[in-house]
Amino acid sequence: MTKRITVDPITRIEGHLRIDVEVDNGAVSKSWASATMWRGIERILQGRDPREAWLFTQRFCGVCTTVHAMASVRSVEDALNMEIPLNAQYIRNLILIAHALHDHIVHFYHLSALDWVDVMTIPKADPAKTASLAQSLSPWEKNSKQVFQDGIDKVKGVAASGQLGIFANGYWGHPAMKLPPEANLLAFSHYLQALEYQRKAVQVVGMLGSKSPHIQNLAVGGVSNAINLDNMATLNMDRLVQIKKLLDEVVTFVQQVYVPDACAIAGLYSEWFKYGAGVTNYLAVPDLPLDSKKQAYDLPGGYIMGGDVSTVKPFKTAADQIFRDAVTEDTAHAYYKNSKESLHPWKGETEPDYTDWNADKKYTWVKAPRFNGKPAQVGPLAQVLVGYAQGHALTKKWTDAALEKMSATAGRRVTVADLQSSLGRHAARAVRCAMLAELADKHWQLLVDNIAKGDTAIYEPPKFPSGSVEGVGTHEAPRGTLSHWVVVKNGKIDNYQAVVPTTWNASPRDEAGNPGPYEASLMHNPIANPELPLEVLRTIHSFDPCMACAVHTFDPEGKKIAKVKAL
């Protein structure tokens with residue numbers, strides 16, 4: 001018997017997402033992903049000065065602010081073929097790294113861990129056994145018996161109060177929950193510790209970006225961080241040492257807590273390596289530029305077709321024509337006026353055309369991006385697979401280490417192929433976080449060494465030509481490939497389109513009926529209890545959805561668009 005399930009809204013994400021699935025014989029047979037919120041940025045930018053676009057675009061979202069600001073200035077710089085001072089590149093890179101460290105820690109512990117961790121079993125845990133388990137995984141100094149006893153006391157205190165707060169609506173006791181109480185206690189205790197370390201990462205963003213969220217230090221042509229080692233009001237050695245201290249603390253947490261925890265949970269739920277692959281075309285862009293001309297990067301880019309890593313096609317730079325020519329957007333099932341064909345972002349249109357939800361027609365505010373006409377999955381898994389396939393040293397180092405840890409816990413050999421799954425996305429995010437943790441130290445040292453040479457340049461003023469120029473700014477954001485596409489005509493913005501990670505992953509079916517990654521990943525997922533669709537959340541949360549970034553138009557008259565049920 002077929003049963004229809006609607007989960008609306010999907011919680012523990014940014015923005016509003018509805019998932020509909022049909023369940024047949026205990027597994028998903030059909031699925032639809034619908035973004036139910038809309039807002040306005042891209043149309044607001046038309047006619048404005050390109051130098052101020054980044055201030056608007058980072059308001060796409062309250063979580064992904066920094067990444068949109070960076071992609072925006074890069075798009076204008078690309079249109080003008082600008083070189084960026086080295087100090088500006090390194091400062092930007094440190095901001096992006098710190099932002100991503102924060103984002104990945106928050107996603108694993110605070111947005112998705114409770115899909116796998118049953119908090120209500122924690123009072124049954126033995127803190128001594130938990131300490132022994134934790135110490136077998138890493139040398140983290142806060143893995144003591146007393147720390148875990150404190151975790152039990154916190155859970156008991158919350159339960160006794162009757163005010164469960166964020167724990168009130170968990171799927172506790174669900175048949176798909178299988179961790180022993182000691183593992184649940186371990187994860188919960190680190191959940192609490194993660195609150196402190198994600199804050200330290202955000203402090204770095206604020207120190208370099210003037211504030212967070214919504215940084216204030218960017219400019220088309222560089223940054224506004226004045227450098228003077230003899231002035232306490234500027235970026236000096238004292239400030240740089242403070243930044244280094246914060247980063248070192250976060251790096252230790254990532255390497256000794258986050259990575260072991262992600263690998264342990266993946267290994268203990270190893271049967272979930274069979275579920276959630278979905279679209280197995282993968283896309284990532286190179287990032288963290290190492291020179292002023294953006295010809296060398298610390299993170300590789302490229303694409304893979306059909307899940308076969310041997311098919312990897314690399315992008316050497318973010319400006320490679322192979323990337324610029326391949327991206328289009330389809331609106332066959334989105335609430336926009338249909339164009340006759342899929343459009344390249346430089347010719348993109350964002351004309352709203354809302355109708356009621358219709359599974360066979362229009363059902364979402366998200367467009368359907370396509371790469372060479374095909375859907376593509378973006379995110380840490382895509383970046384890890386693209387890097388691993390190219391033999392990227394840092395990717396191989398941390399991926400191999402993670403595979404070894406997962407294999408030890410699972411009791412079988414876990415391979416790169418297993419990463420193409422719901423749990424594989426979590427493991428890949430931990431791998432990427434560990435890579436960025438290493439690169440934090442590298443880019444801090446690059447900045448310090450360059451300043452020590454006497455270079456204090458931070459900005460190159462842009463010059464706008466008459467006529468029309470086009471540019472694309474890319475960034476491999478925490479959720480995947482982000483690209484901002486701008487057309488500048490006589491010094492003003494003529495068109496602006498943002499193709500963001502969640503647009504790729506949450507895309508609806510296209511004109512040919514091909515589903516996007518969310519929809520495809522849910523197919524054949526097990527559903528133990530249709531009334532408690534935990535398994536749907538597990539797979540969707542593994543992408544780290546951020547719907548606010550994915551829909552960019554708004555109703556200026558404030559009309560009611562949709563009614564959602566708050567859980």
Side-chain angles (χ1 to χ4, degrees), residues 38-62 64-85 87-89 91-92 95-96 99 205 208-226 289 292-294 318-319 324 327 329 343-352 457-475 477 482-500 548-549 551-554 556:
W38 59 328
R39 53 169 40 182
I41 296 292
E42 292 168 319
R43 295 177 67 185
I44 292 174
L45 289 174
Q46 292 179 4
R48 290 188 177 272
D49 189 322
R51 291 171 295 184
E52 66 182 20
W54 67 275
L55 290 164
F56 287 85
T57 61
Q58 66 173 327
R59 266 75 182 177
F60 276 147
C61 176
C64 316
T65 63
T66 298
V67 303
H68 289 294
M70 208 70 69
S72 184
V73 294
R74 286 176 173 177
S75 70
V76 181
E77 290 162 356
D78 180 70
L80 302 179
N81 195 27
M82 294 186 68
E83 291 188 25
I84 308 303
N87 290 325
Q89 294 286 42
I91 289 170
R92 290 180 179 185
I95 290 174
L96 292 173
H99 171 83
V205 176
L208 289 172
S210 299
K211 65 186 287 284
S212 180
H214 305 124
I215 59 174
Q216 299 294 300
N217 72 314
L218 290 189
V220 172
V223 295
S224 60
N225 303 73
S292 60
K293 294 183 179 181
K294 302 179 288 294
R324 298 161 86 93
V327 179
E329 289 189 295
L343 296 177
H344 188 279
W346 282 325
K347 299 185 182 300
E349 299 173 355
T350 312
E351 298 293 333
I458 56 170
Y459 175 71
E460 182 68 29
K463 297 177 182 179
F464 292 91
S466 58
S468 183
V469 291
E470 300 169 333
V472 57
T474 61
H475 167 47
L482 169 64
S483 55
H484 282 220
W485 306 75
V486 66
V487 179
V488 179
K489 187 175 182 180
N490 296 325
K492 300 294 183 182
I493 295 174
D494 191 55
N495 197 5
Y496 201 102
Q497 298 291 325
V499 185
V500 312
C549 302
V551 274
H552 307 141
T553 63
F554 78 120

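Residue numbers count from 1 along this sequence. Computed from a predicted model, the values in this text were never measured in an experiment. Only heavy atoms go into these numbers, but all of them, side chains included; no hydrogens, no water, no symmetry mates.
One distance of note links OG of S483 with CZ of R324; it measures 10.5 Å at 0.5 Å rounding. Taking CD1 of I458 as the reference point, atom CD1 of I91 lies at 7.0 Å (rounded to 0.5 Å). With rounding to the nearest 0.5 angstrom, the CD1 atom of I493 is 11.0 Å from the CD atom of E42. For the atom pair CZ (R59) and CD1 (I44), the distance works out to 11.5 Å, reported to the nearest 0.5 Å. The CD atom of Q46 lies 14.0 Å from the NZ atom of K492; values are rounded to the nearest 0.5 Å.
For the pair N495 (side chain) and W346 (backbone), a donor-acceptor distance under 3.5 Å is present. No donor-acceptor pair under 3.5 Å is formed between the side chain of E83 and the backbone N or O of K293. Using modelled atom types, no side-chain atom of N490 and backbone atom of S466 make a donor-acceptor pair closer than 3.5 Å. The main-chain N or O of S72 is found under 3.5 Å from a side-chain atom of S75 such that the two form a donor-acceptor pair. Looking only at distances, a side-chain donor or acceptor of R92 sits under 3.5 Å from a matching main-chain atom of G222. Side chain of N217 to backbone of V223: no donor-acceptor contact under 3.5 angstrom is found. Side chain of Q216 to backbone of H214: a donor-acceptor contact under 3.5 angstrom is found. Distance alone, capped at 3.5 Å, is enough to place a donor-acceptor pair between the N225 side chain and the L208 backbone.
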Could you go through E460 and I84, starting from their C-alpha distance and side-chain angles, then the distance that decides it, and tell me whether this counts as side-chain contact (heavy atoms from CB on, under 4.5 Å)?
CA-CA 7 Å; E460 182 68 29; I84 308 303; 6.0 Å; no

From CA spacing to verdict: side-chain contact (heavy atoms from CB on, under 4.5 Å), H68, L482:
CA-CA 8 Å; H68 289 294; L482 169 64; 3.6 Å; yes

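Among residues two or more places apart in sequence or in another chain, the side chain to side chain contact (heavy atoms under 4.5 Å, CB included) test is passed with D494 by V487, K489. For D49, the side-chain hydrogen bond (donor to acceptor under 3.5 Å, both in side chains) test picks out R51, with sequence neighbours left out.
Put simply, the side chain of I215 does not reach to within 4.5 Å of the side chain of T65, judged on heavy atoms. Looking only at side-chain heavy atoms (C-beta outward), R48 and Y496 stay at 4.5 Å or farther from each other. Side-chain contact between L45 and T57: present, with at least one pair of heavy atoms (C-beta onward) separated by less than 4.5 Å. Counting heavy atoms from C-beta on, the side chains of K294 and D78 never come closer than 4.5 Å.
P50 approaches V220 most closely through the heavy-atom pair O-CG2, 4.1 Å. The nearest pair of heavy atoms linking G221 to P85 is O-CD, 3.5 Å. Between A71 and H484, the closest heavy-atom pair is CB-CD2, 3.5 Å.
For W485 and H344, the ring centers are positioned less than 6.0 Å apart.
Residue-environment remark: NZ (K347) stays at or below the threshold of 12 foreign heavy atoms within 6.0 Å.
When each of R43, E329, Q497 is paired with T350, the side-chain hydrogen bond (donor to acceptor under 3.5 Å, both in side chains) condition holds for Q497 and for no other.
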